[in-house]
Amino acid sequence: MRRRVGLATYARAPELAPDDQLLLAALEARGIAAEPAVWSNDAVQWDTFDAVVIRSCWDYHLSFDAFMAWLDRLEALAVPVYNPPGLVRWNANKRYLLDLAQRGVPTIPTTIIPQHSFEQIDSVIAAKGWSRFVIKPAISASGYETYSLRAPLDADSRRLVERVTTLGDALVQPFVEEISTHGEYSFTFIDGEYSHTTLKRATMGEFRVQSEHGGTAEPAVSGTEVVSQAARALAALSDTPLYARVDGVVLDGVFLLMEMELIEPNLFLEHGLGAPRRMAEAIAAHLVG
């Protein structure tokens, strides 16, 4: 009997994002029937799939409780999910950066401001000596409610800080000029093995590199040492994910982790020669296992 895999997506891309559509033919070539399925659609019979692979669920942070409940439902149905729900839950809150830093992973300095504690921002930036910083919700994606602000804060900046901290805990990091001048690297890993590199750049006058904010992405060549550093960051996890995108910048030859995307990252499969095939083979191997 042919195996069936559900590729979970969201309502705005019911047929998957273009990059994820490359998986359909690659899986079909291996005798696997892959079908897009909107995660928030209650009519989907998830237990009819042999596995569910989370892909373009790019609204999960806007319906976070419902998304977590969906994961709970899949677990209750004993449907294999990739990446596994436990790893997804850990990765959903950007506090994981503090966890990885404690494990020895070089990361961008990160401070958490608790929800409704916007007044802490002054002491945080004063203690860190940051003249410019970035603030975002600890649970967020796609540059959602992410702002670059300068110290000392004016009235408008304070309102933005209060707004972000009203949504939940907030992540505060120094602004990294390298992102504006050079860009941000994304290293795609499949089953723990390095696949390819993408360089993301922000548009003029913007610091967010996501396509939703005008950012661009292109294939890139990175040195083996930088790739090795990104791989070591991924190796800090207790389990090897089916897919991962390790994002960061290189400062003075050191790769600094900005995000480890384990939920619904664009894997930029189009940028890696043979990447759709490798991803399909990895999914097939997990089905057999």
Side-chain angles (χ1 to χ4, degrees), residues 17-20 22-23 26 53 55 82-84 87 90-91 94 96-110 134 173-202 207-211 215-286 289:
D19 194 68
D20 290 324
L22 299 175
L23 283 173
V53 179
R55 291 313 311 128
Y82 303 103
N83 283 322
L87 193 58
W90 172 81
N91 193 233
K94 297 184 192 300
Y96 74 80
L97 288 169
L98 303 181
D99 191 5
L100 289 175
Q102 290 180 342
R103 300 183 199 183
V105 176
T107 64
I108 298 296
T110 300
V134 172
Q173 297 173 318
F175 180 83
V176 180
E177 191 67 38
E178 181 74 10
I179 296 176
S180 298
T181 58
H182 180 73
E184 177 182 316
Y185 285 107
S186 285
F187 299 96
T188 295
F189 289 82
I190 298 172
D191 249 356
E193 297 294 326
Y194 168 72
S195 175
H196 55 278
T197 304
T198 303
L199 183 62
K200 300 178 295 183
R201 289 191 173 98
F207 72 98
R208 292 169 292 189
V209 297
Q210 294 86 355
S211 60
T216 60
E218 60 190 45
V221 176
S222 50
T224 56
E225 175 54 31
V226 175
V227 172
S228 295
Q229 291 180 53
R232 287 196 290 272
L234 185 63
L237 300 179
S238 55
D239 297 303
T240 301
L242 169 65
Y243 56 87
R245 204 185 75 203
V246 181
D247 294 352
V249 294
V250 179
L251 299 179
D252 298 324
V254 177
F255 176 76
L256 296 181
L257 180 72
M258 298 194 68
E259 296 272 6
M260 185 174 289
E261 301 277 7
L262 305 175
I263 303 177
E264 35 56 90
N266 185 333
L267 296 173
F268 301 115
L269 297 176
E270 64 176 332
H271 293 167
L273 182 63
R277 171 185 54 78
R278 289 192 294 275
M279 182 68 170
E281 288 174 349
I283 292 172
H286 280 265

Arg201 side chain vs His182 backbone, donor-acceptor pair below 3.5 Å: yes
For Leu267 against Thr188, the heavy-atom pair lying closest together: O-OG1, 2.9 Å
Nearest atoms (heavy-atom pairs only) where His196 meets Gly272: CG-CA, 3.5 Å
Interatomic spacing from CD in Glu270 to CG in Asp20 - rounded to 0.5 Å: 10.5 Å
Euclidean distance, Gln102 CD relative to Thr107 OG1, rounded to 0.5 Å: 10.0 Å
Heavy-atom donor-acceptor pair, Gln229 side chain to Gly253 backbone, under 3.5 Å: yes
Criterion side-chain contact (heavy atoms from CB on, under 4.5 Å) on Leu22 and Met279, from CA distance to verdict: CA-CA 10 Å; Leu22 299 175; Met279 182 68 170; over 6 Å; no
Side-chain donor or acceptor of Thr110 paired with backbone N/O of Ile108 under 3.5 Å: yes
Any Leu87 side-chain heavy atom under 4.5 Å of Pro241 side chain: yes
Side-chain touch Tyr185/Thr197, heavy atoms, less than 4.5 angstrom: yes
Under 3.5 Å donor-acceptor, Arg278 side chain and Phe189 backbone: no
Test item: side-chain donor near acceptor, Tyr243 and Glu264, under 3.5 Å: no
Asp19 (side chain) donor-acceptor with Asn266 (main chain) under 3.5 angstrom: no
Main-chain N/O of Met260 paired with Asn91 side-chain donor or acceptor, under 3.5 Å: yes
Flag if over 12 foreign heavy atoms under 6.0 Å of CG, Leu273: no
Polar side-chain atom of Asn83 near backbone of Ile263 as donor-acceptor pair, under 3.5 Å: no
Matching residue for Glu184 among Asp247, Leu199, Val176, Thr198 - test: side chain to side chain contact (heavy atoms under 4.5 Å, CB included): Asp247
Working for side-chain contact (heavy atoms from CB on, under 4.5 Å), residues Trp90 and Ser238: CA-CA 12 Å; Trp90 172 81; Ser238 55; over 6 Å; no
Greater than 12 external heavy atoms within 6.0 Å of Glu193's CD: no
Where Ala244 and Leu262 come nearest, the two heavy atoms and their spacing: CB-CD2, 3.4 Å
Inter-residue atom distance Leu257.CG - Arg232.CZ, 0.5 Å rounding: 13.0 Å
Gap separating the OH atom of Tyr82 from the CZ atom of Arg55, nearest 0.5 angstrom: 15.0 Å
Phe187-Phe255 aromatic ring centre distance below 6.0 Å: yes
Min side-chain heavy-atom separation Glu281-Pro276 under 4.5 Å: no
Shortest non-hydrogen separation from Lys200 to Ser186 and the atoms involved: CE-OG, 3.0 Å
Pairing of Glu259 and Lys94 as salt bridge, 4.0 angstrom limit: yes
Closest contact, heavy atoms only, Val105 versus Ala236: CG2-CB, 3.6 Å
Reported CZ-to-OG distance for the pair Arg245 and Ser195, which is rounded to 0.5 angstrom: 13.0 Å
Flag for Asp191-His286: side-chain donor and acceptor within less than 3.5 Å: yes
